[in-house]
Amino acid sequence: MFQRLFGRERHTNRAITDALYAQIVAAARQTAFYSHWSVPDTPLGRFEMLSLHMFLFQHRLRGENGVAQEIAQVLIDEFFLDVDHSLRELGIGDVGVPKRMKKLAKMFYGRTAAYDDALERNDHDGLTAALARNIRPDAGIWPEASQLAGYVAGACRQLAAQPSESIVSGTVTFPLAREVDR
């Protein structure tokens with residue numbers, strides 16, 4: 001009972017959640033996104049890619065119970081703590097951080113709804129449009145958006161094939177960006 005009150009139970013798998021978060025971040029930081037697919041290598045561009053990979057991870061664990069559900073929640077919490085920390089490193093003061101966090105959380109959940117909808121409908125063009133609208137809103141035409149949509153669909157399939165037991169043990173594998181073609 002005391003463990004639940006003080007949150008110890010939630011942190012018993014800290015090594016696992018740290019490993020999973022590191023793998024999600026590594027997938028989001030693949031060089032090909034920024035060098036070949038024209039994702040802006042800026043704080044906002046990196047936020048978009050981390051959000052996308054966090055969405056893919058959460059999408060994979062949706063509907064799971066027990067430890068998987070707990071891990072999914074801990075990773076969302078970790079993601080937003082990481083975003084908060086990044087804002088502070090960028091020089092945003094204590095007064096401005098909550099306002100920006102609220103905006104970034106709204107952005108994250110709006111994007112995940114759009115990506116989820118397109119994936120559920122198997123709508124490559126809809127996913128491409130959502131990615132372009134969110135990641136390169138000022139670009140007009142962004143030809144690499146279709147490649148990124150192919151990557152997202154492929155990542156979704158690859159994650160679906162990974163056993164839950166493997167994920168909750170601390171291993172999640174995303175495809176390599178350069179290997180995925182539509």
Side-chain angles (χ1 to χ4, degrees), residues 1 3-30 33 46-84 101-135 145-177 179-180 182:
M1 180 173 125
Q3 285 183 341
R4 286 182 188 233
L5 286 174
F6 295 107
R8 283 185 168 207
E9 186 174 279
R10 187 175 207 185
H11 296 289
T12 56
N13 295 319
R14 188 69 194 180
I16 291 170
T17 56
D18 285 350
L20 289 169
Y21 193 71
Q23 291 164 63
I24 293 167
V25 169
R29 290 295 296 147
Q30 291 182 68
F33 294 134
R46 291 187 295 272
F47 169 78
E48 292 293 350
M49 294 310 293
L50 183 55
S51 294
L52 179 61
H53 285 82
M54 184 57 66
F55 157 74
L56 287 165
F57 182 83
Q58 296 293 319
H59 184 79
R60 167 57 183 88
L61 291 185
R62 183 177 42 201
E64 298 276 342
N65 294 315
V67 174
Q69 185 178 35
E70 181 181 326
I71 286 173
Q73 183 59 54
V74 169
L75 284 172
I76 279 291
D77 295 345
E78 185 66 27
F79 167 68
F80 283 111
L81 283 172
D82 192 24
V83 170
D84 179 281
M101 284 299 297
K102 184 176 180 179
K103 181 180 178 181
L104 290 170
K106 185 176 179 181
M107 288 170 58
F108 173 76
Y109 288 111
R111 282 150 172 70
T112 60
Y115 302 155
D116 188 54
D117 180 57
L119 283 171
E120 293 301 316
R121 292 184 293 112
N122 198 25
D123 181 2
H124 180 81
D125 291 337
L127 182 58
T128 300
L131 290 165
R133 182 175 57 250
N134 295 320
I135 296 173
S146 183
Q147 289 177 289
L148 184 56
Y151 169 86
V152 170
C156 197
R157 287 188 300 273
Q158 184 172 327
L159 289 168
Q162 292 177 39
S164 296
E165 297 78 25
S166 174
I167 294 171
V168 299
S169 295
T171 302
V172 63
T173 306
F174 290 88
L176 295 177
E179 291 183 353
V180 178
R182 189 181 154 199

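Tyr115 places none of its side-chain heavy atoms less than 4.5 Å from the side chain of Val152. At least one side-chain heavy atom of Phe174 sits under 4.5 Å from a side-chain heavy atom of Ile24.
In this structure, Phe108 has its ring center under 6.0 Å from that of Phe79. In this structure, the ring of Tyr151 has its center less than 6.0 angstrom from the ring center of His53.
Across all non-hydrogen atoms, the minimal contact from Ala114 to Arg133 is CB-NH2, 4.1 Å.
The closest donor-acceptor contact from the side chain of Asp116 to the backbone of Thr112 lies at 3.5 Å or more, if one exists at all. Using a distance-only test at 3.5 Å, with no hydrogens or angles considered, a donor-acceptor pair links the side chain of Gln30 to the main chain of Pro175. Formation of a donor-acceptor pair under 3.5 Å by the Gln23 side chain with backbone atoms of Gly170 is found in this model. Of the possible polar contacts, none joining the Thr171 side chain to the Ile167 backbone as a donor-acceptor pair under 3.5 Å is found. In this structure, the side chain of Ser166 does not engage the main chain of Gln162 through any donor-acceptor pair within 3.5 Å. Between the Gln58 side chain and the Ala72 main chain, a donor and an acceptor come within less than 3.5 Å of each other.
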Any chance you could lay out the side-chain contact (heavy atoms from CB on, under 4.5 Å) test for Ile76 and Phe57, step after step, and finish with the verdict?
CA-CA 10 Å; Ile76 279 291; Phe57 182 83; over 6 Å; no
Apply side-chain contact (heavy atoms from CB on, under 4.5 Å) to Met49 and Arg29, showing your working.
CA-CA 7 Å; Met49 294 310 293; Arg29 290 295 296 147; over 6 Å; no
Stepwise, does the side-chain contact (heavy atoms from CB on, under 4.5 Å) test hold for Ile135 with Leu148?
CA-CA 10 Å; Ile135 296 173; Leu148 184 56; 3.5 Å; yes
I would like to know whether Leu81 and Tyr21 meet side-chain contact (heavy atoms from CB on, under 4.5 Å); could you show each step before the answer?
CA-CA 12 Å; Leu81 283 172; Tyr21 193 71; over 6 Å; no
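A salt bridge links Glu120 with Arg62: the distance from a Lys NZ or Arg NE/NH1/NH2 to an Asp or Glu carboxylate oxygen falls below 4.0 Å.
The residue from Asp18, Leu20, Thr17 that alone fulfils the side chain to side chain contact (heavy atoms under 4.5 Å, CB included) condition with Val74 is Thr17.
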